[in-house]
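Report on one structure; see the data block that follows.
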Amino acid sequence: MTVVRYERRGPVAVVTMNRPEYRNAQNSAMTYALDEAFYRAAADDEVKVAVLAGEGPHFSAGHDIGSPGRDAHASFERRAGLWWDHVGKQGAESRFARESEVYLGMCRRWREIPKPMIAMVQGACVAGGLMLAWVCDLIVASDDAFFADPVVRMGIPGVEYFAHPWTMPPRVAKELLFTGDRMTAGRAHEVGMVNRVVPRERLAEETFALAGRIAAMPRLGLALAKKAVNQAEDLQGMHAGMDSVFGLHHLAHAHNAETSADALAGMDPGSMKAAAGGSDPGGAAAATGTGGGIGGGTGTGTAQAVTGGSGSASAEAAADGS
(Lines give C-alpha, C1' and ligand atoms only; values in the text may rest on other atoms or scores of the structure.)
Protein backbone atom coordinates (compact mmCIF):
# COMPACT_ATOMS: atom_id res chain seq x y z
CA MET A 1 0.00 0.00 0.00
CA THR A 2 1.29 3.47 -0.85
CA VAL A 3 1.40 5.66 2.24
CA VAL A 4 0.80 8.95 0.39
CA ARG A 5 -1.35 9.60 -2.68
CA TYR A 6 -0.89 12.54 -5.02
CA GLU A 7 -3.35 13.93 -7.54
CA ARG A 8 -4.00 17.21 -9.28
CA ARG A 9 -7.45 18.73 -9.59
CA GLY A 10 -6.92 21.60 -12.00
CA PRO A 11 -4.71 24.12 -10.18
CA VAL A 12 -4.98 22.27 -6.85
CA ALA A 13 -2.60 19.49 -5.77
CA VAL A 14 -4.13 17.02 -3.32
CA VAL A 15 -1.71 15.19 -1.02
CA THR A 16 -3.41 12.43 0.98
CA MET A 17 -1.93 10.48 3.87
CA ASN A 18 -2.95 6.87 3.36
CA ARG A 19 -2.50 4.76 6.49
CA PRO A 20 -6.12 4.82 7.68
CA GLU A 21 -5.79 1.51 9.55
CA TYR A 22 -3.29 3.30 11.83
CA ARG A 23 -5.14 6.61 11.87
CA ASN A 24 -2.54 7.97 9.45
CA ALA A 25 0.23 7.66 12.02
CA GLN A 26 3.41 9.08 10.51
CA ASN A 27 6.37 6.76 10.08
CA SER A 28 9.49 7.90 8.24
CA ALA A 29 8.27 6.34 4.99
CA MET A 30 5.24 8.61 5.14
CA THR A 31 7.35 11.64 6.05
CA TYR A 32 9.60 11.25 3.03
CA ALA A 33 6.65 10.45 0.78
CA LEU A 34 4.98 13.66 1.94
CA ASP A 35 8.17 15.56 1.18
CA GLU A 36 8.27 14.13 -2.33
CA ALA A 37 4.63 15.07 -2.89
CA PHE A 38 5.05 18.60 -1.59
CA TYR A 39 8.17 19.10 -3.71
CA ARG A 40 6.24 17.88 -6.73
CA ALA A 41 3.44 20.36 -6.07
CA ALA A 42 5.92 23.21 -5.58
CA ALA A 43 7.70 22.41 -8.84
CA ASP A 44 4.55 22.08 -10.95
CA ASP A 45 3.78 25.41 -12.66
CA GLU A 46 0.15 24.35 -13.08
CA VAL A 47 -0.35 23.99 -9.31
CA LYS A 48 -1.37 27.13 -7.43
CA VAL A 49 -2.53 25.60 -4.11
CA ALA A 50 -1.91 22.34 -2.22
CA VAL A 51 -4.41 20.55 0.01
CA LEU A 52 -3.19 18.11 2.67
CA ALA A 53 -5.73 15.43 3.63
CA GLY A 54 -5.92 12.20 5.60
CA GLU A 55 -7.68 9.09 4.28
CA GLY A 56 -10.31 7.55 6.55
CA PRO A 57 -12.06 8.90 9.64
CA HIS A 58 -9.01 10.71 11.07
CA PHE A 59 -6.55 13.28 9.74
CA SER A 60 -3.58 11.96 11.74
CA ALA A 61 -3.05 10.41 15.17
CA GLY A 62 0.55 11.65 15.14
CA HIS A 63 3.96 10.00 14.95
CA ASP A 64 4.11 6.23 14.68
CA ILE A 65 5.19 4.79 18.02
CA GLY A 66 3.50 1.41 17.80
CA SER A 67 2.48 0.06 14.39
CA PRO A 68 4.15 -2.82 12.51
CA GLY A 69 5.36 -0.22 10.01
CA ARG A 70 7.32 1.80 12.54
CA ASP A 71 10.70 2.47 10.95
CA ALA A 72 12.63 4.72 13.33
CA HIS A 73 15.57 2.34 12.98
CA ALA A 74 15.87 2.81 9.20
CA SER A 75 18.01 5.17 7.13
CA PHE A 76 16.50 7.50 4.54
CA GLU A 77 18.17 9.97 2.23
CA ARG A 78 18.25 13.18 4.27
CA ARG A 79 16.70 16.29 2.74
CA ALA A 80 15.88 18.77 5.50
CA GLY A 81 19.28 19.46 7.02
CA LEU A 82 22.94 18.52 7.32
CA TRP A 83 22.85 16.35 10.43
CA TRP A 84 24.34 12.91 9.93
CA ASP A 85 22.36 9.70 9.70
CA HIS A 86 21.03 8.64 13.10
CA VAL A 87 21.42 4.93 12.36
CA GLY A 88 24.36 3.39 14.19
CA LYS A 89 24.53 6.25 16.69
CA GLN A 90 23.64 5.99 20.36
CA GLY A 91 21.51 7.92 22.82
CA ALA A 92 20.97 11.64 22.40
CA GLU A 93 23.20 11.75 19.31
CA SER A 94 20.85 9.41 17.47
CA ARG A 95 17.63 10.99 18.69
CA PHE A 96 18.72 14.58 18.04
CA ALA A 97 20.01 13.79 14.54
CA ARG A 98 16.85 11.93 13.55
CA GLU A 99 14.35 14.39 14.96
CA SER A 100 16.26 17.38 13.56
CA GLU A 101 15.66 15.83 10.16
CA VAL A 102 12.30 14.09 10.12
CA TYR A 103 10.35 16.28 12.54
CA LEU A 104 11.59 19.84 13.04
CA GLY A 105 13.58 20.05 9.80
CA MET A 106 10.88 18.65 7.53
CA CYS A 107 8.17 20.83 9.05
CA ARG A 108 10.26 23.97 8.61
CA ARG A 109 10.99 22.96 5.02
CA TRP A 110 7.29 22.47 4.26
CA ARG A 111 6.29 25.76 5.91
CA GLU A 112 8.43 27.54 3.33
CA ILE A 113 6.81 25.98 0.25
CA PRO A 114 6.04 29.11 -1.82
CA LYS A 115 2.45 28.11 -2.53
CA PRO A 116 -0.55 28.26 -0.19
CA MET A 117 -1.26 25.01 1.63
CA ILE A 118 -4.59 24.07 3.21
CA ALA A 119 -5.01 21.32 5.80
CA MET A 120 -8.36 19.52 5.46
CA VAL A 121 -8.86 18.06 8.93
CA GLN A 122 -11.41 15.53 10.16
CA GLY A 123 -11.44 13.41 13.30
CA ALA A 124 -8.19 13.21 15.26
CA CYS A 125 -5.41 15.73 14.72
CA VAL A 126 -3.00 14.80 17.48
CA ALA A 127 0.57 15.90 18.34
CA GLY A 128 2.52 15.02 15.16
CA GLY A 129 -0.78 15.55 13.32
CA LEU A 130 -0.85 19.08 14.72
CA MET A 131 2.60 19.65 13.25
CA LEU A 132 1.34 18.76 9.79
CA ALA A 133 -1.72 20.98 10.11
CA TRP A 134 0.35 23.86 11.51
CA VAL A 135 2.80 23.94 8.60
CA CYS A 136 -0.18 24.61 6.35
CA ASP A 137 -1.26 28.21 5.84
CA LEU A 138 -4.96 27.57 6.40
CA ILE A 139 -6.91 24.89 8.26
CA VAL A 140 -10.44 23.85 7.35
CA ALA A 141 -11.86 21.45 9.93
CA SER A 142 -14.95 19.32 10.06
CA ASP A 143 -17.26 19.82 13.01
CA ASP A 144 -16.17 16.45 14.44
CA ALA A 145 -12.44 17.26 14.32
CA PHE A 146 -10.42 17.54 17.52
CA PHE A 147 -6.90 18.62 18.36
CA ALA A 148 -4.57 17.50 21.16
CA ASP A 149 -0.94 17.41 22.21
CA PRO A 150 -0.82 14.85 25.04
CA VAL A 151 2.96 14.28 25.13
CA VAL A 152 3.37 16.01 28.50
CA ARG A 153 2.20 12.62 29.79
CA MET A 154 5.60 11.38 28.62
CA GLY A 155 7.33 14.18 30.51
CA ILE A 156 7.95 15.98 27.20
CA PRO A 157 7.00 19.70 26.88
CA GLY A 158 5.27 19.40 23.50
CA VAL A 159 5.89 18.24 19.96
CA GLU A 160 9.09 19.05 18.07
CA TYR A 161 7.55 21.72 15.82
CA PHE A 162 6.52 23.84 18.80
CA ALA A 163 4.16 26.33 17.15
CA HIS A 164 1.70 26.38 20.06
CA PRO A 165 2.20 30.01 21.23
CA TRP A 166 1.96 31.27 17.63
CA THR A 167 -1.14 29.32 16.62
CA MET A 168 -3.15 30.15 19.74
CA PRO A 169 -2.91 32.50 22.74
CA PRO A 170 -0.24 31.46 25.28
CA ARG A 171 -2.70 30.62 28.09
CA VAL A 172 -4.72 28.47 25.73
CA ALA A 173 -1.50 26.73 24.64
CA LYS A 174 -0.61 26.06 28.28
CA GLU A 175 -4.04 24.57 28.97
CA LEU A 176 -3.75 22.31 25.92
CA LEU A 177 -0.35 21.08 27.13
CA PHE A 178 -1.04 20.94 30.88
CA THR A 179 -4.23 18.87 30.51
CA GLY A 180 -3.57 16.85 27.35
CA ASP A 181 -7.28 17.26 26.64
CA ARG A 182 -8.96 17.47 23.29
CA MET A 183 -9.70 20.87 21.79
CA THR A 184 -12.87 20.81 19.71
CA ALA A 185 -12.97 22.27 16.23
CA GLY A 186 -15.27 25.00 17.49
CA ARG A 187 -12.83 26.00 20.23
CA ALA A 188 -9.91 25.86 17.78
CA HIS A 189 -11.80 28.26 15.52
CA GLU A 190 -12.63 30.51 18.46
CA VAL A 191 -8.95 30.91 19.42
CA GLY A 192 -7.82 31.44 15.82
CA MET A 193 -6.05 28.13 15.19
CA VAL A 194 -8.58 27.01 12.57
CA ASN A 195 -9.91 29.17 9.74
CA ARG A 196 -13.24 27.46 9.11
CA VAL A 197 -15.40 24.74 10.66
CA VAL A 198 -17.86 22.99 8.38
CA PRO A 199 -20.14 19.94 8.57
CA ARG A 200 -18.25 16.70 7.98
CA GLU A 201 -20.22 15.90 4.84
CA ARG A 202 -19.23 19.26 3.31
CA LEU A 203 -15.55 19.23 4.31
CA ALA A 204 -14.14 18.43 0.87
CA GLU A 205 -16.59 20.71 -0.93
CA GLU A 206 -15.78 23.69 1.28
CA THR A 207 -12.04 23.06 1.25
CA PHE A 208 -11.79 22.81 -2.51
CA ALA A 209 -14.03 25.84 -2.99
CA LEU A 210 -11.61 27.85 -0.84
CA ALA A 211 -8.63 26.41 -2.72
CA GLY A 212 -10.25 27.41 -6.00
CA ARG A 213 -10.73 30.99 -4.86
CA ILE A 214 -7.10 31.23 -3.79
CA ALA A 215 -5.91 29.64 -7.04
CA ALA A 216 -7.47 32.55 -8.96
CA MET A 217 -4.91 34.93 -7.46
CA PRO A 218 -1.51 35.66 -9.06
CA ARG A 219 1.11 33.02 -8.20
CA LEU A 220 3.86 35.49 -7.26
CA GLY A 221 1.48 37.59 -5.21
CA LEU A 222 0.48 34.52 -3.21
CA ALA A 223 4.11 33.48 -2.69
CA LEU A 224 5.14 36.95 -1.50
CA ALA A 225 2.11 37.31 0.80
CA LYS A 226 2.90 33.95 2.37
CA LYS A 227 6.56 34.88 2.84
CA ALA A 228 5.59 38.24 4.37
CA VAL A 229 3.45 36.62 7.07
CA ASN A 230 6.00 33.87 7.73
CA GLN A 231 8.76 36.46 8.11
CA ALA A 232 6.60 38.45 10.53
CA GLU A 233 6.06 35.32 12.66
CA ASP A 234 9.80 34.67 12.71
CA LEU A 235 10.48 38.28 13.73
CA GLN A 236 8.05 37.64 16.60
CA GLY A 237 10.35 34.84 17.73
CA MET A 238 8.83 31.73 16.18
CA HIS A 239 12.02 30.30 14.68
CA ALA A 240 14.22 31.00 17.71
CA GLY A 241 11.49 29.88 20.07
CA MET A 242 11.21 26.53 18.33
CA ASP A 243 14.97 26.06 18.56
CA SER A 244 14.88 26.65 22.31
CA VAL A 245 11.97 24.26 22.89
CA PHE A 246 13.56 21.61 20.69
CA GLY A 247 16.44 21.60 23.16
CA LEU A 248 14.01 21.18 26.08
CA HIS A 249 12.29 18.41 24.16
CA HIS A 250 15.55 16.50 23.94
CA LEU A 251 16.41 17.20 27.56
CA ALA A 252 13.13 15.40 28.35
CA HIS A 253 14.06 12.49 26.07
CA ALA A 254 17.46 12.18 27.76
CA HIS A 255 15.90 12.31 31.23
CA ASN A 256 13.39 9.62 30.27
CA ALA A 257 16.12 7.41 28.84
CA GLU A 258 18.12 7.76 32.06
CA THR A 259 15.27 7.27 34.55
CA SER A 260 12.67 5.08 32.82
CA ALA A 261 12.24 2.33 30.26
CA ASP A 262 13.09 4.43 27.19
CA ALA A 263 13.13 7.95 25.76
CA LEU A 264 9.31 7.96 25.65
CA ALA A 265 9.06 7.12 29.37
CA GLY A 266 7.86 3.63 28.47
CA MET A 267 4.67 5.00 26.93
CA ASP A 268 2.87 3.42 23.97
CA PRO A 269 -0.66 3.88 22.55
CA GLY A 270 -2.22 1.71 25.26
CA SER A 271 -0.44 3.36 28.17
CA MET A 272 -1.21 6.82 26.78
CA LYS A 273 -4.89 5.91 26.87
CA ALA A 274 -4.58 4.50 30.38
CA ALA A 275 -2.81 7.67 31.56
CA ALA A 276 -5.76 9.65 30.25
CA GLY A 277 -8.10 7.65 32.44
CA GLY A 278 -9.32 5.51 29.57
CA SER A 279 -10.88 8.47 27.77
CA ASP A 280 -8.48 8.43 24.82
CA PRO A 281 -8.35 12.24 24.61
CA GLY A 282 -5.69 12.22 21.95
CA GLY A 283 -6.95 9.42 19.73
CA ALA A 284 -4.25 7.07 20.94
CA ALA A 285 -6.25 3.91 21.42
CA ALA A 286 -6.40 0.94 19.10
CA ALA A 287 -8.75 1.44 16.16
CA THR A 288 -10.21 -1.05 13.76
CA GLY A 289 -11.34 -0.71 10.20
CA THR A 290 -10.56 1.95 7.68
CA GLY A 291 -13.69 4.07 7.88
CA GLY A 292 -14.71 6.46 5.17
CA GLY A 293 -12.85 8.55 2.66
CA ILE A 294 -11.53 12.05 3.01
CA GLY A 295 -14.86 13.73 2.74
CA GLY A 296 -16.65 13.41 -0.54
CA GLY A 297 -15.88 12.68 -4.14
CA THR A 298 -12.74 11.75 -6.00
CA GLY A 299 -12.39 14.89 -8.08
CA THR A 300 -11.30 15.02 -11.67
CA GLY A 301 -7.61 14.27 -11.40
CA THR A 302 -5.86 10.96 -11.64
CA ALA A 303 -4.53 9.73 -8.31
CA GLN A 304 -0.91 8.68 -8.37
CA ALA A 305 1.15 6.85 -5.80
CA VAL A 306 3.99 8.50 -3.98
CA THR A 307 6.87 6.46 -2.62
CA GLY A 308 6.60 4.52 0.58
CA GLY A 309 4.88 1.53 2.05
CA SER A 310 4.30 0.23 5.46
CA GLY A 311 4.40 -3.35 6.62
CA SER A 312 1.44 -5.09 8.12
CA ALA A 313 -2.20 -4.23 7.73
CA SER A 314 -3.24 -5.24 11.22
CA ALA A 315 -5.74 -2.86 12.77
CA GLU A 316 -3.82 -1.66 15.81
CA ALA A 317 -3.53 2.12 15.76
CA ALA A 318 -0.38 4.03 16.44
CA ALA A 319 -0.48 7.10 18.60
CA ASP A 320 1.87 9.98 18.85
CA GLY A 321 4.84 10.07 21.01
CA SER A 322 7.50 12.50 20.12
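Both backbone and side-chain heavy atoms feed into the values below; hydrogens, waters and symmetry mates do not. Predicted, not measured: the structure shown is a model, and the values here were computed from it.
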Find out whether [X] and [Y] are in side-chain contact, i.e. whether some heavy atom of one side chain is under 4.5 Å from a heavy atom of the other.
{"X": "H86", "Y": "F76", "result": "no"}
{"X": "V126", "Y": "F147", "result": "no"}
{"X": "K226", "Y": "I113", "result": "yes"}
{"X": "M120", "Y": "L203", "result": "yes"}

Between [X] (side chain) and [Y] (backbone), is there a donor-acceptor pair under 3.5 Å?
{"X": "K115", "Y": "A42", "answer": "yes"}
{"X": "N256", "Y": "M154", "answer": "yes"}
{"X": "E7", "Y": "V14", "answer": "no"}
{"X": "R8", "Y": "G10", "answer": "yes"}
{"X": "K48", "Y": "A216", "answer": "no"}
{"X": "S244", "Y": "G241", "answer": "yes"}
{"X": "N195", "Y": "V140", "answer": "no"}

Here the salt bridge (Lys or Arg N to Asp or Glu O under 4.0 Å) pairs for residues 216-225, sequence neighbours left out, are D45-R219
Which pair of heavy atoms, one from [X] and one from [Y], lies closest together, and at what distance?
{"X": "V51", "Y": "T207", "value": "CG1-CG2, 4.0 Å"}
{"X": "S67", "Y": "D64", "value": "OG-OD2, 2.5 Å"}
{"X": "S75", "Y": "V87", "value": "OG-CG2, 3.1 Å"}
{"X": "S271", "Y": "G266", "value": "OG-O, 4.0 Å"}
{"X": "A185", "Y": "A141", "value": "CB-CB, 4.2 Å"}
{"X": "G158", "Y": "D149", "value": "CA-OD2, 3.5 Å"}

Kindly write out the residues that satisfy side-chain contact (heavy atoms from CB on, under 4.5 Å) with [X], not counting sequence neighbours, or none if the list is empty.
{"X": "V191", "value": "M168, P169, V172, M183, R187, M193"}
{"X": "P114", "value": "A223"}
{"X": "D262", "value": "L264"}
{"X": "R108", "value": "L104, Y161, H239, M242, D243"}

Between I118 and the options L52, I214, D137, the side-chain contact (heavy atoms from CB on, under 4.5 Å) test singles out I214
All side-chain hydrogen bond (donor to acceptor under 3.5 Å, both in side chains) counterparts of [X], not counting sequence neighbours:
{"X": "R70", "value": "none"}
{"X": "E93", "value": "W84"}
{"X": "Q236", "value": "none"}

**Message:** Whether the Q26 and Y103 side chains hold a donor-acceptor pair (N or O, under 3.5 Å, no angle test) is what I'd like checked.
**Reply:** no
Item to complete: Check whether the side chains of N18 and T16 place a donor and an acceptor atom closer than 3.5 Å, and report yes or no.
Response: no
Rounded to the nearest 0.5 Å, what separation is found between the [atom1] atom of [X] and the [atom2] atom of [Y]?
{"X": "T184", "Y": "E190", "atom1": "OG1", "atom2": "CD", "result": "8.0 Å"}
{"X": "F59", "Y": "L130", "atom1": "CZ", "atom2": "CG", "result": "9.0 Å"}
{"X": "L176", "Y": "K174", "atom1": "CG", "atom2": "NZ", "result": "13.5 Å"}
{"X": "Q122", "Y": "S142", "atom1": "CD", "atom2": "OG", "result": "6.0 Å"}

### Task
Carefully, step by step, assess S28 and R98 under the rule side chain to side chain donor-acceptor pair (under 3.5 Å).
CA-CA 10 Å; S28 293; R98 179 174 184 268; 2.9 Å; yes
Could [X] and [Y] be called an ion pair, given the rule that one side-chain N must be under 4.0 Å from one carboxylate O?
{"X": "D143", "Y": "R200", "result": "no"}
{"X": "E21", "Y": "R19", "result": "no"}
{"X": "R5", "Y": "E55", "result": "yes"}
{"X": "D234", "Y": "R111", "result": "yes"}

Next item on the list: Run the numbers on E77 and R79 for salt bridge (Lys or Arg N to Asp or Glu O under 4.0 Å), then give the verdict.
Entry: CA-CA 7 Å; E77 182 180 355; R79 301 174 186 171; 5.3 Å; no
Assign the ring pair H58 / F146 to parallel, tilted or perpendicular, where the plane angle (0 to 90°) is split at 30° and 60°.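 If you compare the ring of H58 with that of F146, the planes turn out perpendicular.
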Is it the case that over 12 heavy atoms from other parts of the model lie below 6.0 angstrom from the [atom1] atom of [X]?
{"X": "E112", "atom1": "CD", "answer": "yes"}
{"X": "K227", "atom1": "NZ", "answer": "no"}
{"X": "R109", "atom1": "CZ", "answer": "yes"}

ring-ring contact (aromatic ring centres under 6.0 Å, His included) partners of [X], counting only residues at least two apart:
{"X": "H164", "result": "W134, F162"}
{"X": "F38", "result": "W110"}
{"X": "H250", "result": "F96, F246, H253"}

Give the C-alpha distance, both sets of side-chain angles, the deciding distance and a yes or no for side chain to side chain contact (heavy atoms under 4.5 Å, CB included) between M17 and L132.
-> CA-CA 11 Å; M17 295 177 282; L132 293 180; 3.4 Å; yes
In one Ile/Leu/Val/Met/Phe/Trp/Tyr side-chain cluster, 4.5 Å: [X], [Y]:
{"X": "M217", "Y": "L210", "answer": "yes"}
{"X": "L251", "Y": "I156", "answer": "no"}
{"X": "L248", "Y": "M131", "answer": "no"}

For L224, the other hydrophobic cluster members (4.5 Å side-chain criterion, sorted by chain and number) are L220
